[in-house]
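Just below is one structure, and these are the notes that go with it.
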Amino acid sequence: MVVFCCQACGIDWIRKQNRQKRKWLGLFSVASEEEIKDPSPLPDEIVMARDGIQMIYSSLQKCNLDQQQVIILRYIDSLTIKETAEILNWSESKVKTTQHRAIQKLKELTGEVLSSAVKEGEG
């Protein structure tokens, strides 16, 4: 009878260990099956972002002074149209018009840079 009790206790202990092992493996296997996402950008994304920023800044230098001021105040300093108008002593409509023209000029200039880069890549 003592042998039977020891044998039953041993089997119970082994079953308990196996249940705990399956429980832990189940926790880890679920995590490994899911795709773990890293929110930080990849190195090539960082380089592309830097290249884009450099291209915009070099294109901004080709804009006139008024356009540069408006773009810097509105998008880099994150000021409102009203705040930008107060700083430059302009009307709000002049800020809006200058901003629109500056954005159009930047689109034109960055488009030229991109199209020339594509042509260089083809050759």
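When reading the values below, keep in mind they use all heavy atoms of this one structure, side chains included, and skip hydrogens, waters and symmetry mates. Just so it is clear, the model here is predicted, and its values are computed rather than measured.
- The same ILVMFWY cluster, assembled from side-chain heavy atoms under 4.5 Å apart, contains both I53 and I76.
- Hydrophobic clustering keeps I71 apart from L73 (ILVMFWY residues linked when any side-chain heavy atoms are closer than 4.5 Å, directly or through intermediates).
- With values rounded to the nearest 0.5 angstrom, T80 atom OG1 is found 7.5 Å from E86 atom CD.
- How far CD1 of I46 is from CE of M48: 12.0 Å, rounded to the nearest 0.5 Å.
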Note to self: Checking V47 against R50 for the side chain to side chain contact (heavy atoms under 4.5 Å, CB included) test, could you report, in this order, the C-alpha distance in whole Å, the side-chain angles of both residues, the deciding distance, and whether it holds?
What the structure shows: CA-CA 5 Å; V47 170; R50 285 184 188 158; 5.5 Å; no
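- Within the 4.5 Å cutoff, side-chain heavy atoms of L42 are placed close to those of E45.
- Under the 4.5 Å side-chain criterion, counting only non-hydrogen atoms from C-beta, I56 is not in contact with Y75.
- A heavy-atom distance below 4.5 Å is found between the side chains of L106 and L60.
- Atom CZ of R74 is separated from atom CD of E83 by 9.0 Å, given to the nearest 0.5 angstrom.
- Looking at heavy atoms from C-beta onward, H100 lies out of side-chain contact with I103 at the 4.5 angstrom threshold.
- Looking only at distances, a side-chain donor or acceptor of Q68 sits under 3.5 Å from a matching main-chain atom of C63.
- Looking only at side-chain heavy atoms (C-beta outward), T84 and W90 stay at 4.5 Å or farther from each other.
- Atom OG1 of T110 is separated from atom NZ of K62 by 10.5 Å, given to the nearest 0.5 angstrom.
- E108 CD to R101 CZ: the interatomic distance, rounded to the nearest 0.5 Å, is 13.5 Å.
- Checking side-chain atoms of T98 against main-chain N and O of V95 turns up no donor-acceptor pair under 3.5 Å.
- Note that CD1 of I81 and NZ of K94 are 15.0 Å apart. Values are rounded to the nearest 0.5 Å.
- For D77 (side chain) and L79 (main-chain N/O), no donor-acceptor pair under 3.5 Å exists by modelled atom type.
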